[in-house]
Amino acid sequence: MSTSMLSPNSSYRIDGATPEQQALVDELASSFFVSDEKIASIIETFRQRMREGLQADGLELKMIPAFIPHRPTGRESGSFFAIDLGGTNLRILRVTLKGNSQVDIEPQKYTLSEEAKSGPLFDFVAEKIGAFLDERGLLPAKDDPPIPMGFTFSYPVNQTSLTAGTLMHWTKGITAPNCVGRDVVRLLHDSLLRRHIKVNIVAMLNDTVSTLLGSAYMHPGTQMGVIFGTGTNAAYYERLDQIPKFCAPLDDPAASEMILNIEWGGFDTRYSVLPATMHDIKLNRKSPNPFQQAYEKMISGLYLGEIVRNAALYMVDQRLLFNGRSSSILNEMWSIDTMYLTEAISDSSSDLSIVKDILEKTLGLDPTSLLDRRIFRAIAIMVGERASRLSSVGLVSTLLQRPELLEKHLIVGIDGSMYEFLPQFEERVYDTLRRFLSPDQFKNIRLILAKDCSSVGSAIAAMFYGSTRK
Ligand code: BGC
């Protein structure tokens with residue numbers, strides 16, 4: 001590891017700030033700053049918790065078996081259906097694998113309404129599956145066999161087979177009732193049955209598992225599937241002899257490895273090592289899932305805007321920002337979408353006109369000064385920088401879990417809005433990887449944007465485990 005330490009405050013000098021304002025900005029910058037030493041100790045704890053999660057169920061890092069031992073080759077072919085239920089959208093797709101790592105995708109995207117998120121979510125999914133098939137004239141008739149589909153479900157499931165598992169808890173703001181503790185595939189099948197839609201879920205996969213499969217099809221050499229988006233998590237191939245807690249049979253008795261879903265968002269729920277600030281703790285306490293997903297709440301898209309909101313209000317309350325005046329919108333929890341942070345950070349105009357629009361038009365604040373905008377943008381940068389550096393912790397820890405794979409070139413397939421849009425996210429992740437891996441290991445790693453891979457992976461699972469339907 002390099003011993004150099006990034007300085008917390010140097011990049012947050014605010015032109016025109018009063019000494020009191022600068023002092024408070026410095027205080028925020030140092031509370032959001034994570035030194036290399038701190039990162040090293042978080043990695044050590046993370047690796048320890050991974051090892052514990054391989055031994056037994058019910059621990060902080062759940063290390064959930066995905067029951068999939070296969071690796072795609074890129075030569076798979078045929079048309080398959082996938083359902084991809086994420087934190088923001090439901091996607092239903094027909095994916096044609098062309099046998100040369102290429103795909104054709106026919107997607108249909110449905111935004112999850114607030115009603116669906118807090119109500120009969122599986123009925124919503126079933127209804128949309130029915131509509132998707134109906135619109136294409138594909139609804140099976142009474143005597144037709146059911147259509148096999150892969151089902152990507154982006155929440156923690158205690159998976160007991162490829163097609164069964166109970167929901168442990170909701171994440172990412174979903175609160176749909178009567179689901180926790182119940183079999184997710186059964187819930188979907190029941191909703192489909194009630195609508196006489198003949199679909200058979202032949203595989204249920206976490207989105208990180210399907211991202212791994214899809215990325216491996218499109219980019220052979222992929223060893224990890226990662227999501228840095230609304231939520232965060234990763235999956236990788238673990239050796240079976242390293243998973244003492246797993247004794248169920250696999251469909252390939254000769255398999256020596258299997259995909260594991262780490263569920264890393266749940267890391268360090270008690271903040272024993274994560275550097276949580278008062279702004280994180282406030283968010284955590286008021287979130288729909290208090291004291292769960294502590295790591296996720298410091299790095300993923302659903303939460304960064306809220307951390308910035310808390311930190312900005314902290315300055316407002318001391319009359320050092322926006323003339324000490326908030327707005328009814330800024331006073332509301334979750335009113336800052338992380339997309340606005342991305343835009344604010346990217347604003348390079350001399351009068352910060354994008355930040356101005358966000359503050360005045362979107363958040364309804366009274367006319368702001370350039371100084372207000374500079375401070376707001378600085379807070380967004382601090383929170384984004386910390387998220388990028390902490391995101392690398394999970395990557396480094398997982399890569400070091402299979403050091404033999406680091407001896408060759410390997411690809412990490414990453415999807416999600418943080419990775420795709422947050423300015424400098426990728427550079428900072430590479431920078432942290434460089435500091436915490438050896439040069440020989442670091443040079444073998446390539447991060448790629450695994451766009452659509454989650455859906456492709458779900459279709460690949462439908463191919464592995466269902467019958468082809470062209
Ligand atoms: C869920 C994971 C999921 C991740 C990324 C988290 O909130 O617990 O299962 O993989 O979000 O979507």
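Computed from a prediction, not measured in an experiment: that's the story for all the values here.
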Open item on the list: Tell me whether Thr222 contacts the main-chain N or O of His219 through its side chain, where contact means a donor paired with an acceptor under 3.5 Å.
Closed with: yes
Task: Heavy-atom closest pair, residues Leu61 and Glu263 - done: CD2-O, 3.8 Å
Open item on the list: Test side chain to side chain contact (heavy atoms under 4.5 Å, CB included) on Leu449 and Glu426; report intermediate values, then the result.
Closed with: CA-CA 10 Å; Leu449 177 65; Glu426 189 186 52; over 6 Å; no
- [ ] Please report the closest heavy-atom contact between Thr171 and Pro156, naming both atoms and the distance.
- [x] CG2-CD, 3.8 Å
Task: Plane angle bin for Tyr465 and His70 - parallel if under 30°, tilted between 30 and 60°, otherwise perpendicular - done: tilted
- [ ] Would you indicate whether the side-chain heavy atoms of Pro69 and Asp251 approach each other to under 4.5 Å?
- [x] yes
TODO: Please list all pairs passing the salt bridge (Lys or Arg N to Asp or Glu O under 4.0 Å) test where one or both residues lie in residues 397-414, with sequence neighbours left out.
DONE: Glu257-Arg402, Arg402-Glu404
Open item on the list: Please tell me whether Thr230 and Thr88 have a donor and an acceptor in their side chains that are separated by less than 3.5 angstrom.
Closed with: yes
Task: Test item: Arg389 side-chain N/O and Val34 main-chain N/O as donor-acceptor pair under 3.5 Å - done: yes
Scan the side chains in residues 265-272 for donor-acceptor partners under 3.5 Å anywhere in the protein, sequence neighbours excluded, and list what turns up.
from	atom 1	to	atom 2	distance (Å)
Asp268	OD1	Arg49	NH1	3.4
Asp268	OD1	Ser272	N	2.8
Asp268	OD1	Ser272	OG	2.8
Asp268	OD2	Ser272	N	3.1
Asp268	OD2	Val273	N	2.8
Asp268	OD2	Leu274	N	2.7
Thr269	OG1	Gly266	O	2.9
Tyr271	OH	Asn284	ND2	2.9
Ser272	OG	Arg49	NH2	3.1

Open item on the list: side chain to side chain contact (heavy atoms under 4.5 Å, CB included) for Lys172 and Glu296? Distances and angles first, verdict last.
Closed with: CA-CA 9 Å; Lys172 297 179 285 207; Glu296 173 163 278; 4.2 Å; yes
- [ ] Examine distances only and state if a side-chain atom of Arg377 and a backbone atom of Ala344 form a donor-acceptor pair shorter than 3.5 Å.
- [x] yes
Open item on the list: Among residues at least two apart in sequence or on other chains, which ones pass ring pair (Phe, Tyr, Trp, His ring centres under 6.0 Å) with Phe421?
Closed with: none
TODO: Taking atom OH of Tyr340 as the centre, report whether more than 12 heavy atoms of other residues, nucleotides or ligands fall under 6.0 Å from it.
DONE: no
Open item on the list: Using every non-hydrogen atom in the two residues, find where Asp207 and Thr152 come nearest and quote the distance to one decimal.
Closed with: CA-CG2, 3.4 Å
Task: Arg309 vs Trp334, side chain to side chain contact (heavy atoms under 4.5 Å, CB included): CA-CA, chis, key distance, verdict - done: CA-CA 8 Å; Arg309 193 186 73 92; Trp334 315 113; over 6 Å; no
Open item on the list: Treating Ser210 as the side-chain partner and Ser454 as the backbone partner, does any N or O pair qualify as donor plus acceptor under 3.5 Å?
Closed with: yes
- [ ] For the residue pair His279 and Leu28, establish whether any side-chain heavy-atom pair is separated by less than 4.5 Å.
- [x] yes
- [ ] May I ask you to check whether Asn206 and Thr208 show a side-chain donor-acceptor distance below 3.5 Å?
- [x] yes
- [ ] Decide side chain to side chain donor-acceptor pair (under 3.5 Å) for Arg47 and Ser397; before the verdict, give the C-alpha distance in whole Å, the side-chain angles of both, and the deciding distance to 0.1 Å.
- [x] CA-CA 6 Å; Arg47 296 187 65 197; Ser397 309; 5.8 Å; no
TODO: Quick one: closest heavy-atom pair of Met258 and Pro65, and the distance?
DONE: CE-CB, 3.6 Å
Open item on the list: Check whether Ser101 reaches the backbone of Tyr217 with its side chain - one donor and one acceptor, N or O, closer than 3.5 Å.
Closed with: yes
- [ ] Check the side chains of Asp280 and Thr277 for a donor-acceptor pair under 3.5 angstrom, ignoring hydrogens and angles.
- [x] yes
Open item on the list: Just checking His169: does its NE2 atom have more than 12 heavy atoms from other residues, nucleotides or ligands closer to it than 6.0 angstrom?
Closed with: yes
Open item on the list: Under a 3.5 Å distance rule, please check whether Ser388 uses its side chain to pair with a backbone N or O of Val429 as donor and acceptor.
Closed with: no
Open item on the list: Tell me the closest heavy-atom pair linking Met298 and Leu390, and the distance in Å.
Closed with: CE-CD1, 4.0 Å
TODO: Would you check, one step at a time, whether the test side chain to side chain donor-acceptor pair (under 3.5 Å) holds for Tyr295 with Gln293?
DONE: CA-CA 6 Å; Tyr295 182 54; Gln293 305 295 103; over 6 Å; no
Task: Side-chain donor/acceptor of Glu306 to backbone N/O of Asp337, under 3.5 Å - done: no
Just list the side-chain donor-acceptor pairs under 3.5 Å for residues 110-122, sequence neighbours left out, or say none.
from	atom 1	to	atom 2	distance (Å)
Ser113	OG	Ala116	N	3.0
Ser118	OG	Glu114	O	2.9

Task: Side-chain H-bond candidate by donor/acceptor type, Arg94 with Ser79, under 3.5 Å - done: no
Task: Salt-bridge present (Asp431, Arg435; N to O < 4.0 Å) - done: yes
Task: Closest non-hydrogen atom pair between Leu422 and Thr342, with its separation - done: CD1-OG1, 3.8 Å
- [ ] For the residue pair Val103 and Met218, establish whether any side-chain heavy-atom pair is separated by less than 4.5 Å.
- [x] yes
TODO: Taking the side chain as every heavy atom from C-beta outward, state whether Asn289 and Thr175 have any atom pair closer than 4.5 Å.
DONE: no
Task: Verdict with supporting geometry, Val209 and Ile68, side chain to side chain contact (heavy atoms under 4.5 Å, CB included) - done: CA-CA 9 Å; Val209 174; Ile68 299 180; 4.2 Å; yes
Task: Verdict with supporting geometry, Asp123 and Ser191, side chain to side chain donor-acceptor pair (under 3.5 Å) - done: CA-CA 5 Å; Asp123 285 345; Ser191 290; 2.7 Å; yes
Task: Phe425 vs Ser391 side-chain heavy atoms within contact, under 4.5 Å - done: yes
TODO: Find out whether Leu406 and Ile445 are in side-chain contact, i.e. whether some heavy atom of one side chain is under 4.5 Å from a heavy atom of the other.
DONE: yes
TODO: Taking the side chain as every heavy atom from C-beta outward, state whether Val25 and Met382 have any atom pair closer than 4.5 Å.
DONE: yes
Please tabulate, for the side chains in residues 51-58, all donor-acceptor contacts under 3.5 angstrom to protein atoms that are two or more places apart in sequence or on a different chain.
from	atom 1	to	atom 2	distance (Å)
Arg51	NH2	Gln48	OE1	3.1
Glu52	OE2	Gln48	NE2	3.0
Asp57	OD1	Lys245	NZ	3.3

Task: Backbone of Ser41 reached by a side-chain donor or acceptor of Thr45 within 3.5 Å - done: yes
Open item on the list: Quick one: does any side-chain atom of Asn158 pair with a main-chain N or O of Thr166 as donor and acceptor, under 3.5 Å?
Closed with: no
Task: Ile411, Val226, Leu433 screened by side-chain contact (heavy atoms from CB on, under 4.5 Å) with Leu447, the one that passes - done: Leu433
Open item on the list: Would you say CZ of Arg195 has more than 12 non-hydrogen atoms from neighbouring residues, nucleotides or ligands within 6.0 angstrom?
Closed with: yes
Open item on the list: According to ring pair (Phe, Tyr, Trp, His ring centres under 6.0 Å), who are the partners of Phe246, at least two apart in sequence or on a separate chain?
Closed with: Phe67
- [ ] Using modelled atom types only, decide if a donor and an acceptor are shared between the side chain of Ser215 and the backbone of Ala450 within a distance under 3.5 Å.
- [x] no
- [ ] Over 60° means perpendicular and under 30° means parallel, so classify the ring planes of Phe46 and Trp264, tilted if in between.
- [x] perpendicular
Open item on the list: Distance alone, cut at 3.5 Å: any donor-acceptor contact between the side chains of Arg434 and Gln441?
Closed with: no
Task: Sub-4.5 Å side-chain heavy-atom contact between Phe228 and Ile414 - done: yes
Open item on the list: Looking at Lys109, I'd like to know if its NZ atom is crowded, meaning that more than 12 non-hydrogen atoms belonging to other residues, nucleotides or ligands lie closer than 6.0 Å.
Closed with: no
